[in-house]
**Student:** 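Below is one structure. I have some questions about it.
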Amino acid sequence: MSDHQHSGGTPASFSNPFSAFEEVSALYLILCAGARELRTRCQEHEEEYNGALPVPVRKIAELENLKIRERNLSILDVTANSAASIGMLMGKLDYDLPDGPTIHLEEGISSSRKNYVIAHELGHHWMKKILGEPLGPEHCSDTRLSVRYIEMLSDAFSAFLLLPIKALFQEEKQYIESHPQRPVNLEEMLAKVAQTADVPYYYVLTGYEYIKAVICCARASAPKERFEERLENYLNGPFSSLRSQVDEVRREIREIDPIFFAQTEGAEEEANG
């Protein structure tokens with residue numbers, strides 16, 4: 001038998017098709033906890049913010065000692081290591097200015113897109129603060145993909161920051177209760193969330209997928225050793241300060257939307273009975 005196959009004839013690396021999903025979801029949970037940490041700090045300093053939508057990202061940036069400068073960004077702002085191209089640059093995080101770290105924001109975009117860009121740059125800033133240095137190509141095994149991978153992590157962070165799990169599912173619950181006589185129209189529901197959160201629909205749609213990945217692994221009843229092992233590795237490493245926030249995220253996931261999980265929980269109780 002080939003070293004690359006097991007008895008079923010499937011490549012050995014795919015003997016557990018969920019292993020990669022579980023590992024990536026562990027990282028998403030870390031990012032989700034980091035986003036929650038920033039919102040928690042904002043709640044402690046901003047009495048008017050109670051954790052609901054929309055999330056005051058400008059205030060969070062201010063608390064992180066980041067200035068926001070709106071201007072007309074140009075090709076001159078695109079560096080050789082940037083994933084942006086002409087016409088795509090919407091924001092840039094700059095630590096080299098005399099008056100302190102600054103988020104440069106394209107002034108010609110909508111207010112909802114500005115919220116996303118600020119949250120995205122906050123993702124870069126948060127990872128730099130945790131790791132002690134900016135996340136760069138040297139942290140990735142494949143430098144051809146490294147820039148896009150780093151941008152994906154900041155996209156995920158922005159989704160977790162702008163769409164708190166508890167607030168998101170409260171919006172979903174309200175939508176379901178207001179349309180009891182018809183199936184859930186996910187597109188319509190997420191469009192409403194986008195309006196409430198003041199975030200572009202596209203980013204709500206992709207953010208919803210990030211959040212579902214975290215929930216699937218955090219709620220799964222089947223063994224998920226790789227998820228828990230990888231998560232523990234993160235928490236024993238540079239993300240050790242997030243342990244309490246991870247616990248809070250998992251608690252929120254257990255509490256949200258009992259209608260959504262009712263069938264699953266019933267099946268678990270029957271199996272354990």
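No hydrogens, no waters, no symmetry mates; every other heavy atom, side chains included, goes into these values.
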**Student:** Here's a test for you: under side-chain contact (heavy atoms from CB on, under 4.5 Å), which of Val249, Val55, Ile211 qualifies with Pro164?
**Tutor:**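 For Pro164, the side-chain contact (heavy atoms from CB on, under 4.5 Å) check succeeds only for Val55.
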**Student:** Within the 4.5 Å heavy-atom criterion, are Cys42 and Pro56 side-chain neighbours or not?
**Tutor:**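 Yes, at least one pair of side-chain atoms sits under 4.5 Å.
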**Student:** Going by heavy atoms in the side chains, are Leu161 and Leu38 under 4.5 Å from each other?
**Tutor:** yes
**Student:** Does any part of the side chain of Cys217, heavy atoms only, come nearer than 4.5 Å to the side chain of Leu29, both counted from C-beta?
**Tutor:** no
**Student:** Please determine whether salt bridge (charged side-chain N to carboxylate O under 4.0 Å, His left out) holds for the pair Glu228 and Arg250, giving the CA-CA distance in whole Å, both sets of side-chain angles, and the decisive distance to 0.1 Å.
**Tutor:** CA-CA 12 Å; Glu228 298 294 348; Arg250 300 186 83 160; 2.8 Å; yes
**Student:** Does any non-hydrogen side-chain atom of Ile30 lie less than 4.5 Å from one of Gln245?
**Tutor:**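 No - every pair of side-chain heavy atoms lies 4.5 Å or more apart.
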**Student:** A side-chain contact here means heavy atoms from C-beta on lying under 4.5 Å apart; do His125 and Tyr95 qualify?
**Tutor:** yes
**Student:** May I ask you to test the Arg71-Leu73 pair for a side-chain heavy-atom distance under 4.5 Å?
**Tutor:**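 In contact.
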**Student:** Tell me every residue that passes side-chain contact (heavy atoms from CB on, under 4.5 Å) with Ile109, counting only those two or more places apart in sequence or in another chain.
**Tutor:** Met90, Glu106, Arg113, Lys114, Val117
**Student:** Who pairs with Gln195 by side-chain contact (heavy atoms from CB on, under 4.5 Å), at least two apart in sequence or on another chain?
**Tutor:**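 side-chain contact (heavy atoms from CB on, under 4.5 Å) check on Gln195 returns nothing, list empty.
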**Student:** Using the ring pair (Phe, Tyr, Trp, His ring centres under 6.0 Å) rule, collect all pairs that involve residues 177-199, keeping only residues at least two apart or in two chains.
**Tutor:** Tyr175-His179
**Student:** Once ring-ring contact (aromatic ring centres under 6.0 Å, His included) is applied, do any residues pair with His45, and if so which ones, sequence neighbours excluded?
**Tutor:** none
**Student:** Using the salt bridge (charged side-chain N to carboxylate O under 4.0 Å, His left out) rule, pick out the option among Glu70, Glu46, Glu64 that qualifies with Arg58.
**Tutor:**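 Going through Glu70, Glu46, Glu64 one by one, the salt bridge (charged side-chain N to carboxylate O under 4.0 Å, His left out) with Arg58 is satisfied by Glu70 alone.
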**Student:** Measure up the Tyr203 and Tyr116 rings against each other and bin them: parallel (under 30°), tilted (30 to 60°), perpendicular (over 60°).
**Tutor:** parallel
**Student:** Measure across Leu53 and Leu162 and return the closest heavy-atom pair with its distance rounded to 0.1 Å.
**Tutor:**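 Of all heavy-atom pairs spanning Leu53 and Leu162, the closest is CD2-O, 3.5 Å.
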**Student:** Which residues pass the ring-ring contact (aromatic ring centres under 6.0 Å, His included) test with Phe160, not counting sequence neighbours?
**Tutor:** none
**Student:** Flag the pair Lys59 and Glu62 as a salt bridge only when some basic side-chain nitrogen lies within less than 4.0 angstrom of an acidic carboxylate oxygen.
**Tutor:**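 Looking at Glu62 together with Lys59, the answer is yes, because their closest N to O distance falls below 4.0 Å.
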**Student:** With side-chain hydrogen bond (donor to acceptor under 3.5 Å, both in side chains) as the test, would you mind laying out the steps for Glu121 and His104 before giving the verdict?
**Tutor:** CA-CA 9 Å; Glu121 299 304 333; His104 298 281; over 6 Å; no
**Student:** Under 4.0 Å between a Lys/Arg side-chain N and an Asp/Glu carboxylate O for Glu23 and Arg230?
**Tutor:**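 Yes.
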**Student:** For the pair Glu248 and Arg251, find out whether any cationic side-chain nitrogen is under 4.0 Å from an anionic carboxylate oxygen.
**Tutor:**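 The answer is yes: the pair qualifies as a salt bridge.
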**Student:** Decide yes or no for Leu27 and Leu153: does some side-chain heavy atom of the first lie under 4.5 Å from some side-chain heavy atom of the second?
**Tutor:** yes
**Student:** Under the ring-ring contact (aromatic ring centres under 6.0 Å, His included) rule, collect the residues that match up with Tyr28, sequence neighbours excluded.
**Tutor:** Tyr210
**Student:** Under 4.0 Å between a Lys/Arg side-chain N and an Asp/Glu carboxylate O for Glu172 and Lys192?
**Tutor:**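 No salt bridge links Glu172 with Lys192.
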**Student:** Counting C-beta onward and ignoring hydrogens, is there a side-chain heavy-atom pair between Gln174 and Met189 closer than 4.5 Å?
**Tutor:**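 Counting from C-beta outward, Gln174 and Met189 never come under 4.5 Å.
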